[in-house]
Amino acid sequence: MSKPAYKRSVRVADQIRMEVADILARKCKDPRLQFVTVTDVEMNNDLRKARVYVSLLGNQVEEKAVGKILENASGFVRLELGRRLELRYTPEVTFWFDSSGSRAEQIDRILDAVLPGDESGCEGNGWGESGDEGKV
């Protein structure tokens with residue numbers, strides 16, 4: 001019999017990502033948390049620690065305030081996870097800001113500066129030139 005394609009920690013991390021997003025959206029009363037998006041969760045192999053990555057629409061002042069709120073809410077989030085998940089140990093939850101979105105914006109600005117041209121990105125690709133529109 002073959003081994004499963006995913007480790008258990010990956011499956012549990014995905015479940016925790018969905019549950020934490022739901023907890024922050026529905027259970028937490030602070031309105032500043034409505035702009036928080038859970039992007040990823042990393043678990044260690046013994047499933048006792050969960051690193052929850054979040055992104056935020058806002059500036060760095062708001063990021064610090066929301067970071068403090070998430071730090072204070074980590075106990076509540078862990079309690080809710082314990083109620084929702086059937087695990088022997090409820091993982092310790094720590095929140096980390098995901099900077100991949102801001103890095104992508106920075107790369108996009110650099111590319112726009114280096115490669116001036118059409119904004120649509122379709123310049124010279126040949127679409128619609130042969131009369132075969134819609135052909136797959």
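The distance from the CD1 atom of Ile23 to the CG atom of Leu33 is 12.0 Å, given to the nearest 0.5 Å. Here Gln15 contributes atom CD and Glu86 contributes atom CD; the two are 10.0 Å apart, rounded to the nearest 0.5 Å. Expressed to the nearest 0.5 Å, how far OG1 of Thr39 lies from CZ of Phe97 amounts to 10.5 Å. Residue Arg8 holds its CZ atom at 6.0 Å from CG of Leu87, rounded to the nearest 0.5 Å. The line from OG of Ser74 to CD1 of Ile69 is 13.0 Å long, rounded to the nearest 0.5 Å. Expressed to the nearest 0.5 Å, how far CD of Glu92 lies from OG1 of Thr94 amounts to 6.5 Å.
Under the side-chain contact (heavy atoms from CB on, under 4.5 Å) rule, Val93 has a single partner from Val52, Val41, Ile16, which is Val52.
At least one donor-acceptor pair closer than 3.5 Å links the side chain of Arg78 to the backbone N or O of Thr90. Without hydrogens or angle criteria, Asp40 side chain to Tyr53 main chain gives no donor-acceptor distance under 3.5 Å.
The salt bridge (Lys or Arg N to Asp or Glu O under 4.0 Å) check on Glu19 picks up Arg84, with sequence neighbours excluded. Remark: Arg83 engages Glu80 in a salt bridge (Lys or Arg N to Asp or Glu O under 4.0 Å) (not counting sequence neighbours). Scored by the side chain to side chain contact (heavy atoms under 4.5 Å, CB included) test, Asn72 finds Lys68 as partners (sequence neighbours excluded). With sequence neighbours excluded, the residues forming a side chain to side chain contact (heavy atoms under 4.5 Å, CB included) with Ser9 are Lys7, Met43, Asn45, Leu47, listed by chain and number. Residues passing the side chain to side chain contact (heavy atoms under 4.5 Å, CB included) test with Asp108, sequence neighbours excluded: Asp112.
With respect to Arg17 and Asp14, a salt bridge is recorded, a charged nitrogen being found less than 4.0 Å from a carboxylate O.
Counting non-hydrogen atoms of other residues, nucleotides and ligands closer than 6.0 Å to CZ of Phe35 gives a total of 12 or fewer.
Leu85 is connected to Val38 through a chain of hydrophobic side-chain contacts under 4.5 Å among Ile, Leu, Val, Met, Phe, Trp and Tyr, so both are in one cluster. Hydrophobic cluster membership is shared by Phe76 and Val20, with clusters built from Ile, Leu, Val, Met, Phe, Trp and Tyr side chains linked at under 4.5 angstrom.
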Criterion side chain to side chain contact (heavy atoms under 4.5 Å, CB included) on Asp46 and Tyr89, from CA distance to verdict: CA-CA 9 Å; Asp46 66 0; Tyr89 301 103; over 6 Å; no
Step-by-step side chain to side chain contact (heavy atoms under 4.5 Å, CB included) determination, Val54 to Asp98: CA-CA 5 Å; Val54 296; Asp98 186 2; over 6 Å; no
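Residues Leu70 and Leu24 have side chains in contact (heavy-atom distance under 4.5 Å, counting atoms from C-beta outward).
The list of salt bridge (charged side-chain N to carboxylate O under 4.0 Å, His left out) pairs with a residue in residues 27-37, not counting sequence neighbours, reads Asp30-Arg32.
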